[in-house]
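Everything below concerns the one structure shown next.
Order of listing sets the numbers, starting from 1, for every ligand and every atom in it.
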Amino acid sequence: MIGKFITLEGIDGSGKTTQGLLLEKKLLSVGRKVFLTREPGGVSGAEEIRELLVKGKKDRWSNITEVLLFFASRRHHLEKVLLPAINSGKIVICDRFTDSTIIYQGREDKELVELINQLNDTVIGIIPDLTFIIDINPEISLKRCMKRNSNEIRFEKLGLNFQKKAQKGYISLSQKEKRYQLIDGNNKEEIVHNLIWEKVCKFLNILE
Ligand code: TMP
């Protein structure tokens, strides 16, 4: 039995992580087998590469080097964790995947986006079945991130304009394929969860 692959996307501080946990809990409560993971990271090795990516100076890598590091981490995560979980029939929820690389590293550079798509085809080879893009006001989300007192803020250091561009990028991405579901994240956690749950029920044929 082949499982399902659901991803959560959005700018920093959009609430993806909370929504991943709420979705995991809800799916478990209706008797589904679930596996929640994240990128970059999700397994040791990939988590070590994460450290190189989310900490330190904002200009420590060139865009291409950064793309390759994300794909090194993604390939390892895929081999060790994602494929085994999907192939064992689980519903895999992943907090970020290749769409994040398209938005964060690809930015508006068509050649880089092409490279990212090629890398995804050749070394990853899977596309999520369903992707939630949580849309939120970047001013609110960036403030939320800066309050967290975390040292994983390399991308947040790129500032509000970067987050605004990323938000626009996600909105236009959401119109490109049927698997994307744009969710209004400017609501209470519970309301956002209900919006996501409604779509998941349709997708998995869960009757409530
Ligand atoms: P997180 O805070 O959602 O765990 O993600 C860590 C950071 O990594 C976040 O600022 C977005 C960034 N990122 C990319 O730039 N490209 C990617 O491919 C992924 C997966 C994350």
Neighbour count >12 (heavy atoms, 6.0 Å) for atom CD, Glu190: no
Note: Arg154-Asp12 ion pair, threshold 4.0 Å (strictly below): no
For Pro128 against Arg179, the heavy-atom pair lying closest together: O-CD, 3.2 Å
Lys157 NZ: over 12 foreign heavy atoms closer than 6.0 Å: yes
Which residues share a side chain to side chain donor-acceptor pair (under 3.5 Å) with Ser73, sequence neighbours left out: none
Salt bridge present between Asp95 and Lys16 (N-O < 4.0 angstrom): yes
Output, or 'none' if empty, a list of ligand 1-protein atom pairs in which both atoms are N or O and the distance is under 3.5 Å, rounded to 0.1 Å.
residue	atom	partner	partner atom	Å
ligand 1	3 (O)	Lys16	NZ	3.0
ligand 1	3 (O)	Arg96	NE	2.7
ligand 1	4 (O)	Arg50	NH1	3.1
ligand 1	4 (O)	Arg50	NH2	3.0
ligand 1	5 (O)	Arg96	NE	3.2
ligand 1	10 (O)	Asp12	OD1	2.6
ligand 1	10 (O)	Asp12	OD2	3.4
ligand 1	15 (O)	Gln105	OE1	3.4
ligand 1	15 (O)	Gln105	NE2	2.8
ligand 1	16 (N)	Gln105	OE1	2.8
ligand 1	18 (O)	Arg74	NH2	3.1
ligand 1	18 (O)	Thr101	N	3.2
ligand 1	18 (O)	Thr101	OG1	2.6

